[in-house]
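Worksheet: the structure to be examined is printed underneath.
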Amino acid sequence: MNKVYATTAEAIADVDDGAVIMFGGFGSAGSPTNLILALAEKGTKDITAISNNIGLGDKLDTLCQNKQIRKFIGSFPIRATSQRPDLLYQAYLAGEVEIEVVPQGTMAERIRVGGAGIGGFYTPTGIGTSVAEGKEERVIDGVRHLLEFPLKADFAFIKAYKADTMGNLVYRMSTRNFNPIMATAARITIVDVEEIVEPGDLDPEAIATPGIYVDRIVKGPKHDLHGFE
Amino acid sequence: MNKVYATTAEAIADVDDGAVIMFGGFGSAGSPTNLILALAEKGTKDITAISNNIGLGDKLDTLCQNKQIRKFIGSFPIRATSQRPDLLYQAYLAGEVEIEVVPQGTMAERIRVGGAGIGGFYTPTGIGTSVAEGKEERVIDGVRHLLEFPLKADFAFIKAYKADTMGNLVYRMSTRNFNPIMATAARITIVDVEEIVEPGDLDPEAIATPGIYVDRIVKGPKHDLHGFE
Amino acid sequence: MTSMGLSRELIALRVARELRDGMVVNLGIGIPTLVSDFIPAGVTVIFQAENGILGYGATTADENEIDWDLINAGGQPVTLLAGASFFHSADSFCMIRGSHIDLTALGALQVSEKGDLANWMVPARRMGSIGGAMDLAVGAKRVIVAMEHITKTGEPRIVKTCSYPLTAVGAVDLIVTNLAAIQVTPAGLVLKELAYGVSPEYVQSLTEPVLIPAPDLREMDL
Amino acid sequence: MTSMGLSRELIALRVARELRDGMVVNLGIGIPTLVSDFIPAGVTVIFQAENGILGYGATTADENEIDWDLINAGGQPVTLLAGASFFHSADSFCMIRGSHIDLTALGALQVSEKGDLANWMVPARRMGSIGGAMDLAVGAKRVIVAMEHITKTGEPRIVKTCSYPLTAVGAVDLIVTNLAAIQVTPAGLVLKELAYGVSPEYVQSLTEPVLIPAPDLREMDL
């Protein structure tokens, strides 16, 4: 069960049109840039992209430019300030993409329960807002809650600092963010890593993603991306 | 905000009769033995104890012996084999304590959501069993689920390997178990640790309990307890 | 009109006066980000960033110090303090939703007299970004809004009912603007403090709901 | 009667034949624990323990090797393999409930013809311990029961309907006993393999529901 792939192209070879893909990262930190660029190159269409943000320090807007995205689910679909053109927003206004904007904590928990075999959960977040539209409400201990359902995906594209060959992962600082939970919620998890080491080289107490959640590993260059720029 | 206490007696001084207390540990591993023995000494009565097990390698059955427990919530209330007398079981048969037996995964998740501000969740675990009695059922994606509610406590008694003075904790191997989630679900979290270090001495990537969840730290001896014996 | 009263920095300074030793604090984007520059002497607070950091330090522009793997939730490179830790996004929102954050300061587009908060979408744009704001507004023990008192076109931001899409209902505890500090109470909005040179009448004229002058209404102590 | 057929070790050996390279496996208490002693040559499996270990190795009785901070879910000290990791109980049951465990082997008191499992409580005792069994039975991709075919008093354990409190409904895929290997199918219980020297008629006489002989019914290959 060798999980190490030589190229990003091979690692994403079966990511076909219509795929639901989770992308890790928050801004540039922990974004799987090499896998995103490979996906742009491959040209997979009609993607449902699940990501905290898009074009906010990350390279996901490249997929917009290529008109590869059909639907975007995330907490920051739109940038407040625009240093680059806001491609998803333009596509949205043109009626070319669907957007589901989700509170960040609800999104994180929906992904986590997607990997955890939980059917749904009640959160007080979003009560009385447009997020609540069409959702069930329930009062628990006197507090109004919304019923939220799991998010799952065909693929998770994630970024880690180091992987061992069994797929155990460690992250660096704020690059962890959505990566570990997305790894649990997809049928196939593919990791863009800076370094590949042998089993036993990582501290078992600091492994944030156990190897059983990881299917494919590709080592790639680290890109010089800057926060939200 | 000094969190380090000199003695276990001081650290648990306000644990009054009727307290709901979570106890970390699985078997002897990660059980807060020094705090349990201090509680036995203090004599707090009518405790609701939430723990994976009792008298299964741990010293919690000392609290049974002293008739301090009114209710026990856990996944292993009863031992399959009895090397020691099964004190909780005897008290149960005598009608002296109430027992709520909970599937271990449901218990872990109820504690986690107790700390996470989530009102409840749906799990397929327990469907068609006595665990489902009195609980709401809901079919999600064709699968029957039970609605489960959070577990919270007045106090969490947990055990860690090392703490820094800000309350950041690291665990050793299988001693982690219920300790990190219990730390989030109690009003006051008290930690029995083997070693206290300075902030910055622990690897920020390996801290399994961030310090904001910890209120009191007491250094104590490590006991020579053996698994389930 | 918006140039009257306090600068953005002084609004942040006033918000910082609410910090107490040992508090766990999450700062939103905009004016709130500046709060970390004005922590009162003798007060140590722990900053949480929803992208998975507890205990980060100052933002940095020092090329030798910048590490783009360490950014706050506003995308700025930050430094790390001793005792910091990292965690994933689901764990981060356990902290936030689970009421383990003592105080959050958020920007706003509108706040209602009931403490409803609108801060994620300008309706004309038809779409916006929620980020962590809804969870923070619902989960933090105390929610302070830091904003300009009126819009660029002179409309009140403190309104009877928010016309902009809501972030959370009844969530705001204290509003700090360039003109005043206003507490949200069950009885209504209580005018607690005024910026130097600003009259209660002037603040009321730029505020849609009726303000209740506090018995101890005073000039803001900065 | 229970002394007929396979020993506990041979039952475990037969269960171990179901292991495939790369599988993630959780072993219950009792006969299942022994499965790890019979991993087929050339097969590498990853053992998960619900108390928060992935990738542990053999149990150990070596005084120099025993570390009581490293025990499996049966309370036994184990060794650690390269690539192991640790996590807390909620994360552990994300793995289990979330179908990330390929195979679990569990002990049983009774199994019904529909694959219902009863393994946590003898009714006469009025209380029992569930542990991780309910989550494992519901969450693992494949559930194998390893048990004696009949009770000590000669009652069938494979029954039409469980009279003992259930652990899970329709959860069991394969039953391995000292007498036979029986597959749970929508059509009923299929008798796949017999222990050496055991006849189909004998197995049926100790089994409450009707067994369907498999077209390729054969002696267990051990």
Side-chain angles (χ1 to χ4, degrees), chain B residues 24-30 52-53 56-57 74-80 88-89 92-93 99 101-113 123-131 143-144 161 171-182 208-209 222-229, chain D residues 29-30 49-53 56 59 66-78 80 84-99 107 114 116-118 120-122 125-139 162 165-171:
Chain B
F26 186 107
S28 62
N52 183 61
N53 44 265
L56 190 73
S75 93
F76 278 99
I78 309 298
R79 292 201 300 275
L88 184 79
Y89 183 50
Y92 175 74
L93 293 179
I99 294 178
V101 57
V102 184
Q104 197 175 138
T106 298
M107 178 168 158
E109 191 67 13
R110 287 178 66 193
I111 294 166
R112 182 187 166 279
V113 303
T123 177
T125 302
I127 281 288
T129 77
S130 59
V131 162
V143 178
R144 291 166 67 193
Y161 175 40
Y171 303 89
R172 263 196 92 226
M173 305 194 283
S174 64
T175 67
R176 192 181 303 198
N177 56 68
F178 283 88
N179 288 300
I181 49 178
M182 287 178 170
T209 294
K222 185 166 183 171
H223 294 259
D224 187 31
L225 301 175
H226 294 176
F228 286 178
E229 281 168 29
Chain D
I29 299 175
E50 62 263 33
N51 54 328
I53 319 174
Y56 67 89
T59 58
I66 288 176
D67 184 329
W68 288 106
D69 284 350
L70 182 61
I71 58 174
N72 65 18
Q76 301 165 300
V78 291
L80 209 60
S85 58
F86 302 110
F87 34 86
H88 62 56
S89 298
D91 282 347
S92 182
F93 282 89
C94 289
M95 276 181 201
I96 291 170
R97 205 192 303 100
S99 293
K114 304 282 190 201
D116 296 349
L117 171 66
W120 73 276
M121 183 167 129
V122 177
R125 293 204 77 199
R126 291 176 43 205
M127 184 46 72
S129 286
I130 296 171
M134 285 193 185
D135 298 281
L136 281 162
V138 164
C162 295
L166 290 187
T167 302
V169 175

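Letters go in sequence order (proteins before strands), and every chain restarts at 1. The analysis underlying the following values was restricted to heavy atoms, covering all of them including side chains, and did not include hydrogens, waters or symmetry mates.
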Handout entry: chain D contact via B:V143 - side chain, backbone, both or neither, heavy atoms under 4.5 Å
Key = neither
Practice task
Measure the acute angle between the ring planes of B:F76 and B:F26, then classify it against the limits of 30° and 60° as parallel, tilted or perpendicular.
Solution key: perpendicular
Exercise for the section: Determine the option with the most heavy-atom pairs under 4.5 angstrom with chain D, choosing from B:S75, B:A29, B:G227, B:S28. Expected result: B:S75
Handout entry: Heavy-atom contact with chain B under 4.5 Å, split by part of D:A118
Key = neither
Problem - Which portion of D:Q76 sits near chain B, non-hydrogen atoms under 4.5 angstrom - result: neither
Handout entry: Proximity breakdown for B:R172 and chain D, heavy-atom pairs closer than 4.5 Å
Key = both
Practice task
Return yes if some donor-acceptor pair links the side-chain N/O of D:D116 with the main-chain N/O of D:G170 below 3.5 Å, else return no.
Solution key: yes
Fill in the blank from the handout: Residues passing the ring-ring contact (aromatic ring centres under 6.0 Å, His included) test with D:Y56, sequence neighbours excluded, are D:F47
Problem - Contact class of B:L225 relative to chain D, heavy atoms under 4.5 angstrom - result: backbone
Problem - Contacting region of B:Y89 [heavy-atom separation from chain D under 4.5 Å] - result: side chain
Fill in the blank from the handout: The interface call for B:I99 against chain D, heavy-atom contacts under 4.5 Å, is both
Completion exercise
Comparing B:P103, B:G128, B:G126, B:G27 against chain D, the one with the most heavy-atom pairs below 4.5 Å turns out to be B:P103
Practice task
Considering non-hydrogen atoms only, spot the tightest contact between B:E109 and D:A90 and give its length.
Solution key: OE1-CB, 4.3 Å
Exercise for the section: With a 4.5 Å cut-off on heavy-atom pairs, point out which of D:G52, D:G131, D:P165 contacts chain B the most. Expected result: D:G131
Practice task
Spell out, as yes or no, whether a donor-acceptor pair under 3.5 Å connects the side chain of D:S129 to the backbone of B:I78.
Solution key: yes
Problem - Residue D:S85 versus chain B: region with a heavy atom under 4.5 Å - result: neither
Handout entry: Per-residue contact mode, D:L70 against chain B (heavy atom under 4.5 angstrom)
Key = both
Problem - Contacting moiety of D:D67, where chain B heavy atoms sit under 4.5 Å - result: side chain
Exercise for the section: Calculate, to the nearest 0.5 Å, the distance between atoms OG1 and CD1 belonging to D:T59 and D:I66 respectively. Expected result: 9.5 Å
Handout entry: Rounded distance (nearest 0.5 Å) linking atom CE of D:M134 with atom CD1 of B:I127
Key = 11.0 Å
Practice task
Determine, step by step, whether D:L80 and D:I53 satisfy the side chain to side chain contact (heavy atoms under 4.5 Å, CB included) criterion, reporting the C-alpha distance in whole Å, the side-chain angles of both residues, the deciding distance to 0.1 Å, and the verdict.
Solution key: CA-CA 9 Å; D:L80 209 60; D:I53 319 174; 4.3 Å; yes
Problem - B:R176 and D:D91 ion-paired at < 4.0 Å - result: no
Problem - Among B:T125, B:V131, B:I111, side-chain contact (heavy atoms from CB on, under 4.5 Å) partner for B:T106 - result: B:T125
Completion exercise
Under 4.5 Å to a heavy atom of chain B? For D:F86 that would be both
Completion exercise
Whatever's closer than 4.5 Å to a heavy atom in chain B on D:R97 counts as side chain
